[in-house]
Amino acid sequence: MSLTFLQLAQKILEEETRPLSPDEIWQIAQAKGYDGEVGSRGKTPARTIGARLYVDVRDNPETVFAKTDSLPKRFVLRSLLETKGKRPLDTAPPPIVPKRGTYLERDLHPFVVYFGFHYLKAYLKTIRHNKSGKKEFGEWVHPDIVGCYFPFDDWKDEVIEVSSLMGNPAVKLFSFELKRELNFSNLREAFFQAVSNSSWANEGYIVAADISSDEDFNYELERLSSSFGIGVIQIDVDDPDSTEIVFPAQEEDAVDWDTINKLTLNPDFRDLLKRIGTDIKSREIRREWYDQVLSKDELIKSLSQEEMKARLALARPVRSQTL
């Protein structure tokens with residue numbers, strides 16, 4: 001018999017006897033192997049757990065759950081709160097080793113390329129920051145990945161010709177700022193970095209693999225996305241096809257050419273612009289000039305290999321040096 005998300009949350013909270021966030025509940029479920037007992041997981045299980053718990057606490061007078069006042073919000077069994085006078089209530093998060101916790105930000109780049117190619121019909125290129133001179137650039141200027149959508153596969157030649165003559169070639173530029181995770185501790189810095197780095201594009205996104213499911217956090221994330229037009233994408237490292245746009249970007253009809261001109265100080269960005277210009281003129285996209293699009297199986301395998309390397313590096317004993 002499979003568990004519902006509420007039943008899973010209750011089971012974890014009973015065993016842990018401490019307040020836990022929806023993310024922590026799902027991480028513990030994965031560590032204990034309980035995630036396989038859930039009947040329907042969906043794309044973002046931690047978010048689903050959080051939504052079910054918030055609704056149950058709000059609408060169910062007989063709920064067995066209670067919500068803490070701390071940030072991020074955590075949930076605990078009401079029975080534990082009622083007995084906290086007899087013993088201290090431990091609110092510290094448990095030491096959890098996430099299912100995927102050793103990959104680096106750069107390891108997520110191929111996942112963004114995969115999503116951009118298959119779901120945005122865009123060709124993406126990584127922009128290496130170390131190629132930009134510090135004197136010419138401020139702290140936040142260039143994005144991690146830039147993408148371009150070409151209308152050649154969707155539009156007839158006659159339509160492309162007329163749209164170009166009218167000054168609207170229908171080419172769309174994307175900007176992606178990549179983070180391993182998004183939570184209260186890095187939200188504002190990460191978001192405004194994305195705003196600074198992506199305001200020039202037709203569509204700008206901040207992308208992360210782990211996004212907090214805390215209700216207050218999601219309200220703030222949605223508010224920032226709506227206010228500044230930056231979209232939010234959550235990568236699913238276990239199933240790249242389940243990567244989703246959490247909040248859509250506000251599409252701009254025109255790009256900021258002054259900022260683009262400044263970005264050409266980066267050789268990667270300048271070469272990408274040349275490539276895009278050549279492909280537009282020839283109406284033939286040279287895929288080898290853009291980042292390679294790996295298959296779904298190759299993506300998962302590559303991340304697993306990076307995790308293994310990181311784990312081995314951490315476990316490798318340090319040799320003592322003798323003078």
Side-chain angles (χ1 to χ4, degrees), residues 1-16 18-81 91 93-94 96 98-100 179-187 190-191 205-227 230-239 241-249:
M1 180 177 173
S2 61
L3 298 174
T4 66
F5 282 110
L6 284 179
Q7 290 171 337
L8 175 68
Q10 183 173 352
K11 183 176 183 177
I12 295 296
L13 290 172
E14 286 175 347
E15 294 180 0
E16 296 297 317
R18 68 178 76 213
L20 297 170
S21 71
D23 289 319
E24 291 165 346
I25 291 172
W26 182 245
Q27 288 173 358
I28 293 174
Q30 289 179 302
K32 293 186 174 183
Y34 296 161
D35 55 320
E37 300 180 23
V38 180
S40 176
R41 290 177 55 171
K43 294 182 178 180
T44 52
R47 286 177 177 272
T48 304
I49 291 172
R52 302 285 168 79
L53 285 170
Y54 281 113
V55 171
D56 193 67
V57 170
R58 184 190 65 194
D59 299 338
N60 180 11
E62 304 298 324
T63 182
V64 300
F65 305 104
K67 185 171 62 173
T68 68
D69 294 328
S70 61
L71 290 177
K73 289 289 191 299
R74 289 187 166 90
F75 294 88
V76 65
L77 295 178
R78 289 173 61 182
S79 58
L80 186 60
L81 284 179
T91 59
I96 303 170
K99 187 176 181 181
R100 293 190 178 274
K179 299 295 178 185
R180 277 192 65 220
E181 58 187 1
L182 275 180
N183 49 49
F184 270 120
S185 66
N186 72 338
L187 173 61
F191 196 90
Y205 290 93
I206 184 169
V207 188
D210 299 312
I211 300 179
S212 172
S213 59
D214 180 78
E215 183 181 39
D216 292 334
F217 172 85
N218 278 276
Y219 283 151
E220 181 65 6
L221 183 61
E222 183 177 14
R223 185 188 71 80
L224 292 172
S225 175
S226 176
S227 298
I230 298 295
V232 179
I233 297 175
Q234 181 165 18
I235 296 173
D236 191 322
V237 295
D238 295 308
D239 180 10
D241 287 319
S242 292
T243 294
E244 63 176 340
I245 297 177
V246 180
F247 300 115

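Below, each value reflects all heavy atoms present in this structure, side chains not excepted, and no hydrogens, waters or symmetry copies. Predicted, not measured: the structure shown is a model, and the values here were computed from it.
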For this session: Begin from the C-alpha positions of Ile28 and Tyr34 and carry the test side-chain contact (heavy atoms from CB on, under 4.5 Å) through to its verdict.
Result: CA-CA 8 Å; Ile28 293 174; Tyr34 296 161; over 6 Å; no
Seminar exercise, completed: Of all heavy-atom pairs linking Phe217 and Ser212, the shortest is CD2-O, 3.5 Å
For this session: Determine the minimum heavy-atom distance between Gly231 and Ser225, stating which atoms define it.
Result: CA-OG, 4.2 Å
Exercise. Within a strict 4.5 Å, meaning less than it, do heavy atoms of the Leu13 and Leu80 side chains meet?
Worked result: no
Exercise. Between atom CG of Leu221 and atom CD1 of Ile206, what is the distance when rounded to the nearest 0.5 Å?
Worked result: 8.0 Å
Exercise. So which heavy atom on Ile49 is nearest to which on Ala9, and how close?
Worked result: CG2-CB, 4.5 Å
Problem set entry | Leu6 side, atom CG; Leu53 side, atom CG - distance, nearest 0.5 Å | 5.5 Å
Exercise. Can you find a heavy atom in the side chain of Arg78 that is under 4.5 Å from one in the side chain of Thr63?
Worked result: yes
For this session: Check step by step if side-chain contact (heavy atoms from CB on, under 4.5 Å) holds for Leu224 and Ile230.
Result: CA-CA 8 Å; Leu224 292 172; Ile230 298 295; over 6 Å; no
For this session: List the steps, then state whether salt bridge (Lys or Arg N to Asp or Glu O under 4.0 Å) holds for Lys32 with Glu16.
Result: CA-CA 12 Å; Lys32 293 186 174 183; Glu16 296 297 317; 2.9 Å; yes
Exercise. Rounded to the nearest 0.5 Å, how far apart are CD1 of Ile235 and NZ of Lys179?
Worked result: 12.5 Å
Problem set entry | Interatomic spacing from CG in Asp214 to CZ in Arg74 - rounded to 0.5 Å | 9.0 Å
Exercise. Would you call Ile245 and Val232 a side-chain contact if the rule is heavy atoms closer than 4.5 Å?
Worked result: no
Exercise. With the threshold set at 4.0 Å, does a side-chain nitrogen-carboxylate oxygen contact exist between Glu220 and Arg223?
Worked result: yes
Exercise. Would you say Tyr54's side chain and Glu215's backbone share a donor-acceptor pair under 3.5 angstrom?
Worked result: yes
Problem set entry | With Phe191 via ring pair (Phe, Tyr, Trp, His ring centres under 6.0 Å) - residues at least two apart | none
Exercise. Between Asp239 and Asp236, what is the shortest heavy-atom contact and its length?
Worked result: N-OD1, 2.9 Å
Exercise. Among side-chain atoms of Asp23 and Ser21, is any donor-acceptor pair under 3.5 angstrom?
Worked result: no
Exercise. How many angstroms lie between CD in Gln27 and CD1 in Ile12, if you round to the nearest 0.5 Å?
Worked result: 11.5 Å
Problem set entry | Nearest non-hydrogen partners of Trp26 and Phe5, listed with the distance | CZ3-CE2, 4.5 Å
Exercise. Is any side-chain heavy atom of Pro22 closer than 4.5 Å to a side-chain heavy atom of Phe75?
Worked result: yes
Exercise. Are side-chain heavy atoms of Glu181 and Asn183 found at a separation under 4.5 Å?
Worked result: yes
Problem set entry | Nearest non-hydrogen partners of Leu3 and Lys11, listed with the distance | CD1-CD, 4.2 Å
Exercise. Is there side-chain contact between Leu77 and Phe65, with heavy atoms separated by less than 4.5 Å?
Worked result: yes
Exercise. Would you say the side chain of Val246 lies within less than 4.5 Å of the side chain of Arg47, judging by non-hydrogen atoms?
Worked result: yes
